[in-house]
2 protein chains.
Amino acid sequence: MKGMTEPRWLNADERRAWLALVSINTLLPAALDTKLHAAGKLSLFDYTVLAMLSEAEGRFLPMSELAARSSASLSRLSHVVTKLQKRGWVERRPHPHDARVTTAHLTDEGMETIVGLAPGHVEDVRDLFLDALTEQDVLDLARIGEKVVGRLDTDHWILREG
Amino acid sequence: MKGMTEPRWLNADERRAWLALVSINTLLPAALDTKLHAAGKLSLFDYTVLAMLSEAEGRFLPMSELAARSSASLSRLSHVVTKLQKRGWVERRPHPHDARVTTAHLTDEGMETIVGLAPGHVEDVRDLFLDALTEQDVLDLARIGEKVVGRLDTDHWILREG
DNA sequence: AGCGTCTAGTTGAAGAATCAACCACCCGCC
DNA sequence: GGCGGGTGGTTGATTCTTCAACTAGACGCT
């Protein structure tokens, strides 16, 4: 049982930070979803999956690695890959040395799709988000953001050094 | 047609900031959803709706105002209020002077629910998020977060001065 | 009073996310 | 060599979200 002692309520600045984060959290994906849906009938998550594959060596990744890089559950990813597969953007193949693993491969058609979408998407990210910030803001946000990610998931892939 | 010119790709820090934000965006709500679901079978969004009502004068708000304060569409809110109503936490009442308006009222039972949940939730927010940050981080995040919110929605309620 | 337009909200169907149950396979160990 | 636990992945049911269509009342104009 937790909370027998008086909780430490949020002070004004903590509350501001928290509310802003929650608001960004609903507003930003919604806006990008709208843009991407208009540009190519896909969601931000669909886009992220394709983008992660396009940046991977050989344009394929095991499902679990792809799930990690898109911060999704295996279940969610599996459903989405099925959808992307039906559209011809992704293929599933068995792993040669471990029969448990499935690898998701980006098809040529999938590559064309994301290459066509990427410039517009990057522009949208700037419009909606980055252009509001100074260079210092970007630096601060990267620092703070990575701290938070580290707390939420110690082994998160964006924290791997390379 | 957009994008005839070469897009400005993200530099290293912009990419770090962007990836961190996207990751936080999926990880944080998921973690809080899990906690809240364990504590009381509700989602972060359900919680937010109840919290906004509990903080409102008279513990009621018009649907549109409640939608604004929880960053949701009227449609989403309407479905959720229906659900909360079935659990006895919220009531719908007509507005006395404008028959178009429905007001959502927090019931006593709803108030008890959120009062019971709030200390644990605040602790979770600290555990998962705020405790990773210094005071300066919190200040920076509040400043940057509000800038971003302002860009996404000029009239967002958290930016109203009061 | 009657018309058009805008605002507030609801609804049902369609698509997406989560959860729990499940299968198949790998690996270490007896 | 086979048993047990852990890993990688899929599936279907349930729940949530979104989208488009719709009702109804307010407000302004003539």
Side-chain angles (χ1 to χ4, degrees), chain A residues 25-38 40-50 60-87 90-105 155, chain B residues 25-38 40-50 60-87 90-105 155:
Chain A
N25 228 287
T26 48
L27 263 26
L28 225 193
L32 285 170
D33 266 337
T34 303
K35 293 273 190 182
L36 279 171
H37 205 82
K41 299 266 179 216
L42 35 58
S43 69
L44 179 56
F45 183 67
D46 298 340
Y47 179 93
T48 303
V49 169
L50 297 179
F60 66 89
L61 286 173
M63 293 293 279
S64 352
E65 181 58 24
L66 185 51
R69 296 198 192 180
S70 50
S71 299
S73 69
L74 221 27
S75 169
R76 181 179 182 186
L77 179 65
S78 184
H79 283 295
V80 166
V81 165
T82 302
K83 190 184 71 182
L84 298 177
Q85 207 170 9
K86 282 181 190 151
R87 298 201 189 153
V90 168
E91 268 176 29
R92 271 186 238 246
R93 299 196 204 146
H95 188 285
H97 300 317
D98 186 339
R100 288 170 305 178
V101 335
T102 309
T103 53
H105 292 246
D155 305 320
Chain B
N25 227 287
T26 49
L27 262 27
L28 227 194
L32 286 170
D33 266 337
T34 303
K35 295 271 189 182
L36 280 171
H37 205 81
K41 300 263 177 216
L42 36 58
S43 69
L44 180 57
F45 183 67
D46 298 340
Y47 179 92
T48 304
V49 168
L50 296 180
F60 65 89
L61 286 171
M63 292 294 279
S64 353
E65 180 60 23
L66 185 51
R69 296 198 192 181
S70 48
S71 299
S73 68
L74 219 30
S75 169
R76 180 179 183 188
L77 180 66
S78 183
H79 283 294
V80 167
V81 164
T82 302
K83 188 186 72 180
L84 298 177
Q85 206 169 12
K86 282 182 191 151
R87 297 199 189 154
V90 168
E91 269 176 29
R92 272 185 235 247
R93 299 196 204 147
H95 189 284
H97 300 317
D98 186 339
R100 289 170 305 178
V101 174
T102 309
T103 53
H105 291 246
D155 304 321

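All chains are named by letter (A, B, ...) in the order of the sequence lines, taking the proteins before the strands, and each is independently numbered beginning at 1.
Atom P of nucleotide dT7(D) and atom CG of L66(A) are separated by 20 Å, given to the nearest angstrom. The distance between atom CG of L44(A) and atom C1' of dT18(D), rounded to the nearest whole Å, is 16 Å. One interatomic measurement links the two molecules: CE of M63(B) to P of dT10(C), which rounds to 4 Å at whole-angstrom precision. Rounded to an integer number of Å, the gap from CZ of R100(A) to P of dG8(D) is 6 Å. In this structure, L77(B) places its CG atom 16 Å from P of dC19(D), rounding to the nearest Å. Distance CG (L36(A)) to P (dT18(D)): 15 Å, rounded to an integer number of Å. L61(A) has its CG atom 15 Å from the C1' atom of dG8(D), to the nearest Å.
Here D33(B) lies out of heavy-atom contact (under 4.0 Å) with every strand.
No donor-acceptor distance shorter than 3.5 angstrom exists from the side chain of S78(A) to the backbone of L74(A), with no hydrogens or angles considered. A donor-acceptor pair is defined here as one N or O able to donate and one able to accept, closer than 3.5 Å; no such pair exists between the side chain of D33(A) and the backbone of A30(A). For T103(A) (side chain) and R93(A) (main-chain N/O), a donor-acceptor pair under 3.5 Å exists by modelled atom type.
Projected onto DNA chain D by closest heavy-atom contact, D98(A) and A30(A) fall at different nucleotides, the more 5' of which corresponds to D98(A). Between S73(A) and P62(B), the residue anchored nearer the 5' end of DNA chain C, judged by the nucleotide with its closest heavy atom, is P62(B).
Contact record, L36(B) with L44(B): CD1-CA, 3.6 Å, taken as the closest heavy-atom pair. Pairing each heavy atom of S70(B) with each of F45(B), the nearest pair is O-CE1, 3.6 Å.
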*Heavy atoms under 4.0 Å is the rule here; annotate nucleotides 11-17 of chain D 5' to 3' with B where the base is hit, S where only the sugar-phosphate is, and - elsewhere.*
BB---SS
*Quick one: do T82(B) and R92(B) satisfy side-chain hydrogen bond (donor to acceptor under 3.5 Å, both in side chains)? Show the steps, please.*
CA-CA 9 Å; T82(B) 302; R92(B) 272 185 235 247; 2.5 Å; yes
